[in-house]
Amino acid sequence: MQKALKNSNIADGALSETKPVSVPIHQVALDRWIFFAILSCLAIQFYCLFNLEVNWDEFLYLSRVYDYQSQMLNRALQTFHVYFFNWLPLVDANEVRQVEAGRIVMFFLEAGTATSVYLVAQRFVSRTAAMVAVLAYVSAGFTMIHGASFRADPLAAFFMMASIALLSRRRLRHFHFALAAGAIALGAMVTVKVGFYAPALVAIGLWQVFRFDRPLQMLVRMVATGIGALIMFISLYIWHEASLPSADIDGSQRMMTSAAQKTLLSVNFFPTWRDFLIGALTAPISAFLLLAGLYRAISAVLKQQVGSAVSLALLGLAAPLLSFLFYRNAFPYYFAFIFPPAMILAGYAVDQLKLNQRHILLATAMMTLFAILTVWSVSDRNQEVQSELIETVHKIFPQPVPVIDRNSMIASFPKRGIFMSSWGLQEYRQKSIPVFEEILREEVVPLLILNSPTLEHAVGDPISGRLRGELFGADQDMLRSNYIAHWGKIWVAGKKLSVNSRSKKFTIVIPGAYKLEASSSVTIDGKLIAPEQVFTLGRGDHFSVSKNDQDIILRWSQAAYRPDFEPSKEPIYRGF
């Protein structure tokens, strides 16, 4: 086989194109059915862009754009997407609509990733099998739900699969190597998780070296591509950091150190195996074909069969999946990022198992059916509660104000406090610093949104989900005593006091204009305040007196708007 490769016609140092082979009419019909199934899955997913709830880290990803625009972005690493999505705030005032616009871009990038899967697969398997590989990817439950989510993952997957597709071409010219290096560098700027793609890139590179007429020359080109990618990455990082007034290399170093400690060094073996199992159960045909292709490739290598070099290359494409054994954050959205190169093994299984057209058609129908069932299973997780809450916040505060919440849900407002993921809460507990107590003693933060069980628990509101971590007692007291319920999960700065004829002391931590809600006038700091009157309270101790016993409320005066309908009882977030 090697000799045959060496004696074939060479053009520009690469193997010549094979002559086109006529395809039977019934085979063309089968390919059309597979293509129709791929388009159907993509169409269903496009519908989900505008109906499936926005996840908390999608809002966080959007908030980086606002941080960049306000010159508050404090690190250059993993924030390069702000240049691609700087236009999102122009779409709509509601952050949900902005995320939807971002999802549309990610959707087309996912289509590009699927195209790259097809192009790479065609280098190893038949056209029909390559199309099955694409369907195995786009129909998988994790892709249907997360493949076009507004996160770094779809963007990075596109760049990395594009680089693999470029490097796997039959005819490789200098600009293909340059484009591949640029794609790798951009992927690394989007997220450092692209490092998990390294085995796949090495495998494609070695496969090209093996099959090339002048292997040393190809090896030099591949190494030069890697070096070029590194140089481009460093150059992009330096330029990006220089454009951010609030960023320095220490911020990126702290982020990388924390990420290494939390996601790589301090976890159990196969930390997200439950999600992995659920992913397989929601896409059983894709999982079966992937495992069958993996088994056949391993067998070919162990038995040193003809074509074992191809099998080795395919195993290299699947090697990024080993990250599941130790990567703490290998949650369902990560699957859509890491699985594309491995799905080529699904196409390999189709050829190796010699599946006939009836089998392939049945597999196509089953994959499409499971994709539909997956979307149906999450159909109740819509955006209505989120849109309602965000719209109400913008009506209460037409201009941005600092806010405490889980994840920068109101991305256009400056967030104060930690990102309340399980990782963020773990870091918070380890530092042993009452963050919110410190913030409120120094800043004016009039808005609190209870979009986390941790915050709900802190103020004594019924929790809407699993409590992954508690705030320190000092922080709980600070939030509970300085905010009051306004509408649903929207809380504002305020006090609830019981007053009478005896002078009572109360402390204001959030200074500003308050409105008195009471049945009769109250004297505060020696001044008689009438019901509904707005007055100013400074930070510190104050005294109240009332001629009659009554319960009063001091509410942040800007919070005048309140919808005339009851808020939804549904949770703001209902899962991944």
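Taking the six-membered ring wherever Trp is involved, the centroid distance between the rings of Y237 and F80 does not fall below 6.0 Å. Outside the 6.0 Å centre-distance limit, the rings of W376 and F370 are not counted as a close aromatic pair. For an aromatic pair to be called close, the ring centres must be under 6.0 Å apart, and F150 with F59 fails this. Proximity of the aromatic rings of Y83 and H240 is defined here by a centroid distance below 6.0 angstrom, and this criterion is met. For an aromatic pair to be called close, the ring centres must be under 6.0 Å apart, and F324 with Y334 satisfies this.
Annotation: side chain to side chain donor-acceptor pair (under 3.5 Å) contacts involving residues 176-197, sequence neighbours excluded, comprise Q78-T191, D153-K193, R169-H176.
Put simply, the side chain of L312 does not reach to within 4.5 Å of the side chain of W207, judged on heavy atoms. The shortest side-chain heavy-atom distance between R97 and Q383 falls under the 4.5 Å cut-off. In this structure the side chain of N382 never reaches within 4.5 angstrom of the side chain of E53, judged on heavy atoms. Side-chain contact between F419 and W56: present, with at least one pair of heavy atoms (C-beta onward) separated by less than 4.5 Å.
Considering only residues two or more places apart in sequence or on other chains, A111 meets the side-chain contact (heavy atoms from CB on, under 4.5 Å) condition with none of them. Every residue was checked against the ring-ring contact (aromatic ring centres under 6.0 Å, His included) condition with F175, not counting sequence neighbours, and none meets it. Applying the ring-ring contact (aromatic ring centres under 6.0 Å, His included) test to F107 and every residue at least two apart in sequence or in another chain returns F46. In terms of the side-chain hydrogen bond (donor to acceptor under 3.5 Å, both in side chains) criterion, T364 has no residue partners (sequence neighbours excluded).
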With ring pair (Phe, Tyr, Trp, His ring centres under 6.0 Å) as the test, would you mind laying out the steps for Y61 and H81 before giving the verdict? CA-CA 9 Å; Y61 207 57; H81 70 283; 3.6 Å; yes

Would you check, one step at a time, whether the test ring pair (Phe, Tyr, Trp, His ring centres under 6.0 Å) holds for F196 with F337? CA-CA 10 Å; F196 293 137; F337 162 74; 7.6 Å; no

Given side-chain contact (heavy atoms from CB on, under 4.5 Å), test R151 with N55 step by step and report yes or no. CA-CA 10 Å; R151 298 179 171 93; N55 201 247; 3.0 Å; yes

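Looking only at distances, no side-chain donor or acceptor of H394 sits under 3.5 Å from a matching main-chain atom of I410. Looking at S421, its side chain does come within 3.5 Å of a backbone N or O of G424 through a donor-acceptor pair.
By the 6.0 Å contact criterion, CZ on F108 is open, its count of non-hydrogen atoms from other residues, nucleotides or ligands being 12 or less.
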Could you pull out all donor-acceptor pairs under 3.5 Å where a side-chain atom in residues 285-301 meets a protein atom, sequence neighbours excluded?
from	atom 1	to	atom 2	distance (Å)
S286	OG	A136	O	2.9
R296	NH1	Q352	O	3.2
S299	OG	Y295	O	2.9

